[in-house]
Amino acid sequence: MLSTNAPRAVPEGPLLPSTAIQQLGPALVVAPHPDDETLGCGGAIALLRKANIPVEVLVVSDGTRSHPGSRRWPAPALRKLREAETREALGVLGVESDCITFLGLPDGAVPFEMDLEAFAWAVQRCRRYLDELTIEVRAIVLPWRRDPHADHRAAWNLLYRASGGFRSFERRLEYPIWLWEQGGAQHLPQPWEVGSWRLDIAAVIERKLAAIAAHRSQTSDLIDDDPDGFRLTPETLAFFERPWECYLEAPCSLNAPH
Ligand SMILES: [Zn+2]
């Protein structure tokens, strides 16, 4: 039925109990920017860790484009700050520092194939990271492949190439970030490529909110000398403060874009 007030067409799917996440097993969470891991899947991470299931986190870009005009926080300082915030947030969610890796690719310029050299280098780095993982990762949790933010799409693509089409993972989950607010028809998931389900995270929502707040450079006035600086608005945050998280899932190695 068509309506002028139709809800956003992001499929939300059935609500699964919090224990459903345990079937995932040891997981690798990929975050395009420092904070996406918390916004998109902080609840799932907290539930996995509560069940003592290992979680590794790979943060792809350095996050230094959030406040490009700040004099007090030039790129090297901002990078350190965002890494520290990510460690703090993930600590709240139960992930130890030694399970977090920062790839340090340039924020706003995570490479795609057309950027030949940078792409080849980044794929190599991801491949080495995957080879050196000391736990048997069964599930990979990625940003949605057609998220409106190019870095999110690039991060998905890098991991796709580095892992040979996700072949070694039993499950592949994708989480929406900018899709909620900015998704156009070209970004939306299609029923033939993924299904969707929601995870009940009510049991750990306080922990997730505390982890989001730990990303102070993105949620507060901590950096106040850049009028063009990025700030997560209450409207955006509302999508990630709900007592459930949405995951899009397809069988591994199927439906990859070319
Ligand atoms: Zn992001």
Side-chain angles (χ1 to χ4, degrees), residues 21 24-66 73 75-107 110 122-143 149 151-152 154-156 158-159 162-163 166 168-169 171-175 177 201 204 207-219 222 232 240 245 247:
I21 199 68
L24 216 58
L28 164 60
V29 173
V30 179
H33 305 102
D35 73 3
D36 289 315
E37 75 299 325
T38 303
L39 297 169
C41 24
I45 293 171
L47 289 168
L48 284 165
R49 293 303 300 130
K50 252 179 99 175
N52 213 21
I53 296 170
V55 174
E56 292 282 333
V57 179
L58 177 65
V59 182
V60 174
S61 80
D62 61 15
T64 56
R65 290 295 298 168
S66 68
W73 296 93
L78 185 52
R79 174 181 176 154
K80 274 192 193 151
L81 173 66
R82 299 206 63 185
E83 289 186 3
E85 290 173 344
T86 304
R87 283 195 198 93
E88 185 184 333
L90 284 165
V92 170
L93 300 172
V95 179
E96 304 279 342
S97 262
D98 59 359
C99 297
I100 308 167
T101 301
F102 297 94
L103 214 50
L105 295 180
D107 187 357
V110 176
V123 168
Q124 275 302 332
R125 277 284 283 118
C126 290
R127 206 169 274 158
R128 199 162 67 229
Y129 167 78
L130 294 172
D131 287 346
E132 289 174 357
L133 279 175
T134 52
I135 60 162
E136 191 74 29
V137 171
R138 281 174 45 199
I140 185 164
V141 187
L142 300 140
H149 196 308
D151 281 348
H152 288 226
W156 188 98
L158 270 183
L159 270 293
S163 67
F166 306 119
S168 63
F169 302 106
R171 306 264 307 262
R172 185 212 320 163
L173 273 49
E174 298 174 47
Y175 59 88
I177 295 285
I201 60 161
V204 291
R207 218 180 276 202
K208 178 171 179 179
L209 296 181
I212 290 174
H215 287 284
R216 278 180 284 278
S217 63
Q218 312 298 297
T219 56
L222 177 71
L232 283 161
F240 307 107
E245 288 171 347
Y247 292 97

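- Here I53 contributes atom CD1 and L47 contributes atom CG; the two are 9.5 Å apart, rounded to the nearest 0.5 Å.
- Judged purely by atom type and a 3.5 angstrom limit, T101 has no side-chain atom pairing as donor or acceptor with the backbone of L58.
- Side chains of L158 and V123 form a contact here, defined as non-hydrogen atoms less than 4.5 Å apart.
- Within a 6.0 Å sphere centred on CZ of R65, other residues, nucleotides and ligands contribute 12 heavy atoms or fewer.
- R216 places a side-chain heavy atom less than 4.5 Å from the side chain of E85.
- Here the shortest heavy-atom pairing between L48 and A27 reads CD1-CB, 4.1 Å.
- Looking at heavy atoms from C-beta onward, L90 lies in side-chain contact with I45 at the 4.5 angstrom threshold.
- In terms of heavy-atom proximity, R82 sits nearest to D107 at NH1-OD2, 4.4 Å.
- If you take CD on E56 and CG on D98, they are separated by 7.5 Å, rounding to the nearest 0.5 Å.
- In this structure, the side chain of E245 engages the main chain of G42 through a donor-acceptor pair within 3.5 Å.
- Listed here is the closest heavy atom pair of A162 and C126: CB-CB, 3.5 Å.
- When all heavy atoms are compared, the tightest approach of F169 to S163 is CE1-CB, 3.9 Å.
- P143 is not listed as a side-chain neighbour of I177, based on a closest heavy-atom distance of 4.5 Å or more.
- One finds a salt bridge joining R172 and E174 here, because a Lys/Arg side-chain nitrogen approaches an Asp/Glu carboxylate oxygen to under 4.0 Å.
- R79 and G104 make their closest contact through NH2-CA, 3.8 Å (heavy atoms, listed as atom of the first residue, atom of the second, distance).
- To the nearest 0.5 angstrom, L130 atom CG is 6.5 Å from L28 atom CG.
- Remark: T219 OG1 to I212 CD1 distance equals 9.0 Å, nearest 0.5 Å.
- Side chains of E37 and T86: no donor on one and acceptor on the other come within 3.5 Å.
- Taking CD1 of I21 as the reference point, atom CD1 of I201 lies at 10.5 Å (rounded to 0.5 Å).
- Each of V57, V141, I140 was checked for a side chain to side chain contact (heavy atoms under 4.5 Å, CB included) with V30, and the lone residue meeting it is I140.
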**OP:** List the steps and the verdict of side chain to side chain contact (heavy atoms under 4.5 Å, CB included) for L103 and V110.
**Re:** CA-CA 10 Å; L103 214 50; V110 176; over 6 Å; no

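- In this structure, T38 and H215 approach most closely via the heavy-atom pair OG1-NE2, 3.3 Å.
- Side-chain contact between V95 and V29 is absent, with no heavy atoms from C-beta onward closer than 4.5 Å.
- Residue F240 holds its CZ atom at 9.0 Å from CG of D35, rounded to the nearest 0.5 Å.
- A tilted orientation is assigned to the rings of H33 and H152, their planes being inclined by 30° to 60°.
- Residues V55 and L93 fail the side-chain proximity criterion, which asks for heavy atoms closer than 4.5 Å.
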